[in-house]
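One structure below.
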Amino acid sequence: MVGPALSDNSTTMVTVPDLLAEARRRIGAVAERQPAGSLAVVEVRVPEGVGPEHVATVFDLVSETACTLGALAAFDDDQGHYLLLLPWARAAGVVEVLGQLLRRLAAVEVACGRHVVRPSAGAGVVALSGHVDPSDSVGEIDVALTTAIGLAHRSIVERALRVQSRDASRMSDRPKPREANRTWIRRRYFGLSPAAKAWVLAGSNLVIAWVIPFLIYAALYRVFGLDVSGLGFWVVLGAVVVTALTVYAEALLALRRVTPPPATLEVYPSASAIVVAYLPNETSTLVETLSCLLAQDYPGPLEVVLAYNTPRRLPIEQELATMAAGDPRLILIRVGDSTSKAQNINAALQVVQGEMIGIFDADHRPMTQAFRRAAAWLASGVDVVQGRSVVRNGADNRLARMVAVEFEGIYAVAHPGRAALHTFGIFGGSNGFWRAGVLNRLRMRPDMLTEDIDISIRAVFAGNRIAVDPQLISEELSPLTPMALWSQRIRWSHGWHQVSRKQVGRIWRNEVLTLRQRLGASFLLGWREAYPWVAAQMIPILAFSILVRPHFRIHWLAPLFLVTTLYVSSVGPVQALFAWRLSVPELRRRRWWWWQYVLLTGILFGEFKALVNRAAHLRELLGDRTWQVTPRTSAGEPGGVARARADGPTSELVAMDPATGATGSLALDRPLCRIPELDPGPPIGPNEPAHEH
């Protein structure tokens, strides 16, 4: 029997049966496929055993949001999540309010022993539609509720609000003919080994970038007498000249010495270092990295949080526990359900205490005064400062030497020069220092291959300031095999492509960005993706001019052609020269490395990087979003699959008692259970947002 009709403006917390009955009544009251409202599920996860005051805070925030939306709200004791029945069918209309709710929930601080943790919150919204037969409303509610719960679970993982339109569940699952053919191609592709995939991607993109355009130019000329090579030549030349100009501008701007703003800190803020590791891949470097961070010269409170995932228990875990027993500043988190670096970081954010948070990969060795220098930047008002990565194993082989020189061009020239040119920097995934409140608000998104680029763009678009300091140095390891280098670079390029697809359309609609920042973001997210394909057209154009039009004389020694060729071809050597000038002393002394890079590998390596960028686009079309971990040990060890699921259903925070050696654990990511004594009375008035560090 359908319950009594409830007003859309009612904000009283109701029971779950009453809320579902009201949803059924609304579905039955409208015509088929007409909007009947939306159903949202809000899920909050905090450690077990929290006090009633924390549950009351969550309850108040959800009630306040329901009041703002004019919605009904209920708490499901069995499932441990909140239900909201919204009066609007367009679920996207409530994204802003629910997104604000998730941010406020993530800012709530919960005391668990000597640690303070923050909840993980997620929400999913599904629009409801009507039916001619009101009796079918039960099925509609069941489908919507199940879908919304699934979206809420995914929302917690991705740290993003999940919305599904009312027509999404009605789409046919039958693939269209073109999709079926694509499925066959994907099936054959995914059956290949990683090395075979690399060769297929490389060969395919050369065919698409060179062979097919050449055939098109030739066909247009032979069949229609149309010669487009001249126009194509000038378009490509202009694109290359403009891109080279930006490289020269970045190099010149990089000569400006970047120093931290003058700041006399009487009291240094509390700081946390988050080290992210996937074991056993980084076993050989992890202890050394933790020791380096614990030895930081920092006047303020400093803790080191290791968040790691592993497919099996390893001997190093006992060594880490012993290490934590000797230093209470070291906190170990084994993230049992993690499948990505982003999830490890998000798990660590539930326990970190610092007002400043530094993020490091497991192979990094930051300089001794890294946190002291970063604190000066954050005290000046910036929200993030990105340091510089220097390769420390360049002497291992020729490939490592090439990457060591390349990294100097990236971190000593390109990054600081680009930050000066565009007035914003990019967080590079490691050796970056964040204001805790900003990082807690944005969080990492595990669905992105390069979560660092994604959070950087989201931070800039939100008005946060990211500075780049090339003197804030941390040493890291280079890949030692061509396959390891390919795996690393294809993930970087693929991740940039993902971010570009999501954000490029928002650049000129964003009112926070300045004109200079919009131009810079357009270059990074738009032109950067198109340029490898545009520049590649020079090869088929020249081949067409030589093979198809032999009667057409090319003036190779024409002054304009010579000048532009010299201008473009000198980009690599000039950038290497600037990188040598700005490199760290231990690398500047090795002049043969630089000559080797310029003479033997500079041009080929540049084409390799362009090929990787194009291959990443093909990889996205094939739906291949997996990647292999870059090996951190010897050249002969392959990387493990990065997204292998670890054993254990929950995450654990392990804290050793130095006095007794007893181990205590705190389970993370458990559903928030309702306290029986908490009576859901009338909604409480608006609360002040919880304080963020």
Side-chain angles (χ1 to χ4, degrees), residues 91-92 95 99 151 154-155 157-165 168 171 176 178-179 182-183 185-186 189-190 197 201 204-205 208-209 239 243 246 339-343 418 422 424-429 442-462 464 466 487-513 517-536 609-627 642-643:
V95 166
L151 292 176
R154 184 177 173 189
S155 169
V157 172
E158 296 182 0
R159 306 292 168 179
L161 183 61
R162 304 299 306 181
V163 176
Q164 179 170 306
S165 68
M171 296 177 62
K176 298 177 182 178
R178 218 183 319 177
E179 292 176 344
R182 193 178 300 159
T183 301
I185 295 175
R186 288 176 177 173
Y189 170 79
F190 282 106
K197 286 181 181 179
L201 290 173
S204 299
N205 95 69
I208 295 174
T243 303
T246 63
T339 58
S340 68
K341 172 182 175 179
Q343 286 174 286
R418 188 181 301 150
H422 301 327
F424 66 85
I426 295 292
F427 168 58
L442 295 173
R443 300 293 179 103
M444 298 288 177
R445 293 191 57 179
D447 60 321
M448 306 299 292
L449 282 172
T450 50
E451 67 289 323
D452 49 355
I453 305 303
D454 171 70
I455 195 173
S456 298
I457 298 301
R458 289 191 288 118
V460 172
F461 282 15
N464 299 118
I466 303 180
S487 298
Q488 181 191 69
R489 298 310 168 89
I490 196 72
R491 179 176 63 87
W492 290 0
S493 297
H494 196 170
W496 267 102
H497 179 60
Q498 280 186 321
V499 175
S500 297
R501 289 182 59 192
K502 285 180 175 289
Q503 303 291 357
V504 70
R506 304 175 185 175
I507 296 173
W508 293 92
R509 299 199 306 266
N510 189 306
E511 299 180 356
V512 174
L513 301 178
Q517 289 175 329
R518 291 179 182 181
L519 292 173
S522 298
F523 181 85
L524 282 178
L525 303 181
W527 181 244
R528 182 187 177 278
E529 295 297 313
Y531 177 74
W533 295 99
V534 175
K609 291 190 287 187
L611 184 147
V612 169
N613 285 337
R614 296 192 298 265
H617 296 175
L618 302 182
R619 199 167 178 258
E620 174 69 15
L621 289 175
L622 290 168
D624 184 4
R625 297 181 179 88
T626 59
W627 51 276
R643 298 189 181 276

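These values consider heavy atoms only, across backbone and side chains, with no hydrogens, waters or symmetry-generated copies.
Using a distance-only test at 3.5 Å, with no hydrogens or angles considered, a donor-acceptor pair links the side chain of Arg458 to the main chain of Arg443. Looking at Ser493, its side chain never comes within 3.5 Å of a backbone N or O of Ile490 through a donor-acceptor pair. With hydrogens and angles disregarded, no donor-acceptor distance shorter than 3.5 Å links the side chain of Lys341 to the backbone of Pro446. No donor-acceptor pair under 3.5 Å is formed between the side chain of Ser456 and the backbone N or O of Ile426. Remark: side-chain polar atoms of Asn510 are paired, donor with acceptor, to backbone N or O of Phe461 under 3.5 angstrom. Here the side chain of Arg418 pairs no donor or acceptor atom with the backbone of Phe424 at under 3.5 angstrom. Without hydrogens or angle criteria, Arg186 side chain to Leu622 main chain gives a donor-acceptor distance under 3.5 Å. Judged by distance alone, with hydrogens and angles left aside, the side-chain atoms of Thr450 form no donor-acceptor pair with the main-chain N or O of Ile453 at under 3.5 Å. Judged by distance alone, with hydrogens and angles left aside, the side-chain atoms of Gln498 form a donor-acceptor pair with the main-chain N or O of Leu449 at under 3.5 Å. Panel note: side chain Asn205, backbone Leu201; a donor-acceptor pair is recorded below 3.5 Å.
In terms of heavy atoms, Gln517 sits closest to Val512 at OE1-O, 4.3 Å. The nearest pair of heavy atoms linking Leu513 to Arg518 is O-NE, 3.5 Å. Of all non-hydrogen atoms in Val460 and Gly425, the two that sit nearest each other are CG2-O, 4.2 Å. Ile466 and Ala459 get closest at one heavy-atom pair: CD1-CB, 4.3 Å. Looking at every heavy atom in both residues, Ala209 comes nearest to Trp533 through CB-CZ3, 3.9 Å.
A salt bridge is defined here as a Lys NZ or Arg NE, NH1 or NH2 lying under 4.0 Å from an Asp or Glu carboxylate O, and Glu529 with Arg501 fails to meet this definition.
The structure places CG of Asp452 at 7.0 Å from CE of Met444, a figure rounded to the nearest 0.5 Å. Atom NE2 of residue His422 and atom CG of residue Leu519 lie 9.0 Å apart, to the nearest 0.5 angstrom. One finds the CG atom of Asp447 at 10.0 Å from the CD atom of Gln343 (value rounded to the nearest 0.5 Å). We find the CE-CD1 distance between Met448 and Ile457 to be 10.0 Å, quoted to the nearest 0.5 Å. Atoms NE2 and CG, from His494 and Asn613 in turn, are 12.0 Å apart once rounded to the nearest 0.5 Å. Put simply, CG on Asn464 and CD1 on Ile455 are 9.5 Å apart, with the number rounded to the nearest 0.5 Å.
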*Evaluate side chain to side chain donor-acceptor pair (under 3.5 Å) for Trp527 paired with Thr243, printing each intermediate quantity in order.*
CA-CA 9 Å; Trp527 181 244; Thr243 303; 2.9 Å; yes
*Given side chain to side chain contact (heavy atoms under 4.5 Å, CB included), test Trp492 with Val612 step by step and report yes or no.*
CA-CA 9 Å; Trp492 290 0; Val612 169; over 6 Å; no
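Taking 4.5 Å as the limit, every side-chain heavy atom of Arg445 sits out of range of all side-chain heavy atoms of Glu451.
One side chain, Ser522 or Trp508, offers a donor N or O that lies under 3.5 Å from an acceptor on the other.
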